[in-house]
Structure formats: C-alpha cells, structure tokens
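What you see is a predicted model, and the numbers here were worked out from it, not measured in a lab. Below, read A as the first sequence line, B as the second, and so on, with proteins coming before strands; counting in each chain starts at 1.
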Protein chains: 2
Amino acid sequence: MNINKSCSNHDSNHPKQQFDQNYPIEYTIDLIGSKWSIGILRELLNGNRRTHQLTKALPGISSKILTLRLRTLEKHGIIQRKVYPEIPPHVEYSLTEKGRELQPVIAILKQVGQRLLSQEDAFCPLKMNAKVT
Amino acid sequence: MNINKSCSNHDSNHPKQQFDQNYPIEYTIDLIGSKWSIGILRELLNGNRRTHQLTKALPGISSKILTLRLRTLEKHGIIQRKVYPEIPPHVEYSLTEKGRELQPVIAILKQVGQRLLSQEDAFCPLKMNAKVT
DNA sequence: CAGGATCCCGTACGATACTG
DNA sequence: CAGTATCGTACGGGATCCTG
C-alpha cells in the first residue's frame with residue numbers, strides 16, 4: 001500500500017527505517033493493508049502452509065501476487081519460508097514470533113468492523129430491505 | 001483501498017453491504033487504509049476541525065484528496081460535516097460516535113507497529129548503523 | 001474559504017504462459 | 001509444485017486551475 005510513499009520521498013536524507021519509526025501506524029497498515037495480506041496471515045495463524053494450500057485457501061489469488069505478498073511479509077520478518085530440497089519442490093510458510101504479534105490487530109479489526117457494520121444497518125434501513133425482503 | 005474489490009464483483013447478486021458483513025476486517029481496513037485517513041481521524045480525535053485546519057495539519061495533502069477522504073468517511077458515518085451558511089464558507093468536521101469506535105483500532109495499530117519496528121532494528125543491526133553512526 | 005473539474009502518473013493487481 | 005516473466009488495466013493519488 002505504501003501509505004506514506006510521498007512522505008518518504010520528501011526528504012531523501014532520512015533513511016527509510018528511521019522514517020518508519022515515526023509512523024508505526026502506517027507501518028502496520030502497510031503490513032496488512034494489501035489485498036490478500038489478511039487472508040494469508042489468517043491462514044498461517046492456523047498453522048504452517050504450503051504454497052498450493054494457500055492458493056486453495058485464497059480463491060482468486062494469482063500465483064504472482066501470492067509470492068509477491070509472501071516475499072514482502074518475509075522481508076518484514078512476519079513469516080518464514082522453509083524450502084525442502086525435493087522434487088517436486090516443497091515449500092512451507094509459517095508465522096514468526098514477530099508475525100504472531102499481529103494477531104491482536106486482526107482481532108480488533110474484526111471486532112470493530114463487525115460493530116460498525118451492524119450500526120451501518122441500523123442507520124440505513126433501506127439497505128437492509130434491499131436484501132432482507 | 002477496496003481490498004475486496006474483485007471479490008465484490010464475483011457475484012453481483014450479493015448486495016455490497018451484505019458482502020461486507022462477512023468481511024469486517026477488510027471493511028475496517030477500507031476505512032482507515034487510505035493514505036490520509038489515519039491523519040484525518042487522528043486530527044478529529046483531538047477535536048472538531050475546519051477544512052483549512054485539516055489542510056495545515058496534513059502537510060502535502062491536496063484539497064481534492066482531502067475532500068474525497070472526508071466524503072468517504074462521511075458516507076460511512078464515521079465523521080459529520082456541518083456547514084455554516086456564511087460568506088466566506090465555513091465547514092466543520094467532527095467525529096461521530098461511530099467514528100470514535102475506531103480509536104482502539106488506531107491505538108493497537110500504533111502499539112504493535114512500534115513493537116514490530118523495534119524488533120526490525122534488533123534483527124537488522126546494519127540498518128541501525130546506517131543512521132546511528 | 002471550501003471544493004469541484006481536468007489531466008496525469010505510478011503501481012498494485014490480474015491473466016496468461018512458461019520453467020526447473 | 002513453486003515460482004518467474006510479460007503484458008495489460010484500474011484506481012488512488014497528485015498538480016493545477018477555476019468557481020460561488
């Protein structure tokens with residue numbers, strides 16, 4: 001997502017990691033804000049997964065995007081990639097300790113989202129009718 | 001952000017709000033995941049703000065994007081827009097009760113982000129040197 | 001002062017095909 | 001099985017100008 005993209009560029013003298021220190025919120029959102037990040041994390045929270053398992057668990061994701069997200073999460077130390085040198089290839093992904101710290105974030109995101117959505121219905125009776133009837 | 005954009009389209013028979021019910025996490029991220037959303041919310045958590053106040057508080061934001069974000073948040077019932085019919089125009093934005101429910105989300109996002117960033121340094125001493133020296 | 005109208009661009013994402 | 005390469009697209013965001 002790169003929420004603070006333009007900000008990062010406004011002063012090239014500041015190394016990136018130094019910049020991120022001042023924007024922990026944006027950093028976290030960068031981690032989980034990409035389209036499939038949450039799905040991948042949720043899956044790995046339930047256990048280690050092989051690539052094709054993730055593919056099946058996330059219907060619609062392309063292999064390109066999956067590996068892209070996995071690489072990014074790995075770079076941030078959120079997940080770990082373990083390669084078994086076999087034929088055919090065998091790769092297994094797992095959450096790191098660091099990655100597990102994201103669990104409360106996901107929990108709150110879900111909890112608050114549910115509450116907000118229920119209020120949305122309360123405020124928009126017409127919307128409900130559109131489905132309920 | 002529209003994290004679940006493609007998912008929303010995969011079956012047009014499902015009205016959007018019905019779909020969102022099943023994806024509270026993605027819904028919440030949609031709310032706060034856009035580039036300036038957090039900044040706007042943080043500002044409004046500190047009190048009501050006029051448009052130009054927000055502009056100054058968010059250096060770099062364009063008027064187009066600011067109003068765009070404000071409109072979106074308003075549609076979701078997160079903020080309220082109050083117009084004082086004066087010349088020159090006077091518009092004031094405030095958080096709704098619903099909007100205040102996002103506060104814990106922001107808090108966790110910040111807290112976890114900070115912890116993750118500190119770990120990032122611990123694992124990457126070279127990075128630290130780049131700045132610390 | 002608030003914000004609409006245009007034009008432009010980078011990039012995240014997607015579809016498809018191809019390798020070891 | 002896991003992953004790369006290529007090409008195409010949509011959309012968020014930015015710059016600038018203009019109006020009541």
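Note on Val83(A): it clusters hydrophobically with Ile40(A), by side-chain heavy-atom contacts below 4.5 Å among ILVMFWY residues.
Counting only distance, with no hydrogens or angles, the side chain of Ser34(B) and the backbone of Ser37(B) share no donor-acceptor pair below 3.5 Å. A distance-only check finds a donor-acceptor pair linking the side chain of Gln53(B) to the backbone of Arg50(B) [under 3.5 Å]. Counting only distance, with no hydrogens or angles, the side chain of Thr28(B) and the backbone of Leu109(A) share a donor-acceptor pair below 3.5 Å.
Rounding to whole angstrom units, CG of residue Leu66(A) and P of dA15(C) are separated by 14 Å. When the C1' atom of dA2(C) is taken as reference, atom CD of Glu74(B) falls 14 Å away, rounded to whole Å. The nearest whole Å value for the distance from the CG atom in Leu68(B) to the P atom in dG13(D) is 8 Å. Regarding Ile61(A), its CD1 atom lies at a distance of 16 Å from the C1' atom of dT16(C), rounded to whole Å. Note: NZ (Lys82(B)) to C1' (dA2(C)) measures 17 Å, nearest angstrom. One interatomic measurement links the two molecules: CG of Asp30(A) to C1' of dT11(C), which rounds to 13 Å at whole-angstrom precision. Distance Lys35(A) NZ to dT9(D) C1': 13 Å, rounded to the nearest Å. Following rounding to the nearest Å, Leu54(A) (CG) and dA2(D) (C1') show an atom-to-atom distance of 12 Å.
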N/O donor-acceptor pairs under 3.5 Å from side chains in residues 87-95 of chain B, not counting sequence neighbours:
unit_1	atom_1	unit_2	atom_2	d
Glu92(B)	OE2	Asn48(B)	ND2	3.3
Tyr93(B)	OH	Arg71(B)	NH1	3.3
Tyr93(B)	OH	Arg81(B)	NE	3.2

List the atom pairs, donor and acceptor, that lie under 3.5 Å between side-chain atoms in residues 58-69 of chain B and the rest of the protein, sequence neighbours left out.
unit_1	atom_1	unit_2	atom_2	d
Ser62(B)	OG	Ile65(B)	N	3.2
Thr67(B)	OG1	Ser63(B)	O	2.9
Thr67(B)	OG1	Lys64(B)	O	2.9

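Here His52(A) reaches the OP1 or OP2 of dA2(D): one of its side-chain N or O atoms lies under 4.0 Å away. A sub-4.0 Å separation between OP1 or OP2 of dA2(D) and a side-chain N or O of Arg50(A) is present. Using a 4.0 Å cut-off, no side-chain N or O of Arg69(B) falls inside it from OP1 or OP2 of dG12(D).
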I'd like to compare against my own output: the B/S/- annotation of nucleotides 3-8 of chain D with a strict under-4.0 Å heavy-atom distance to protein. BB-BB-
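Scanning residues 37-45 of chain A for heavy-atom distances under 4.0 Å to DNA chain D yields an empty list.
Residues in residues 44-82 of chain A take part in these ring-ring contact (aromatic ring centres under 6.0 Å, His included) pairs, two or more places apart or across chains: Tyr27(A)-His76(A).
In terms of the salt bridge (charged side-chain N to carboxylate O under 4.0 Å, His left out) criterion, residue partners of Arg49(B) (sequence neighbours excluded) are, by chain and number, Glu43(B).
Counting heavy atoms from C-beta outward, Glu26(A) and Ile38(B) have side chains that approach closer than 4.5 Å.
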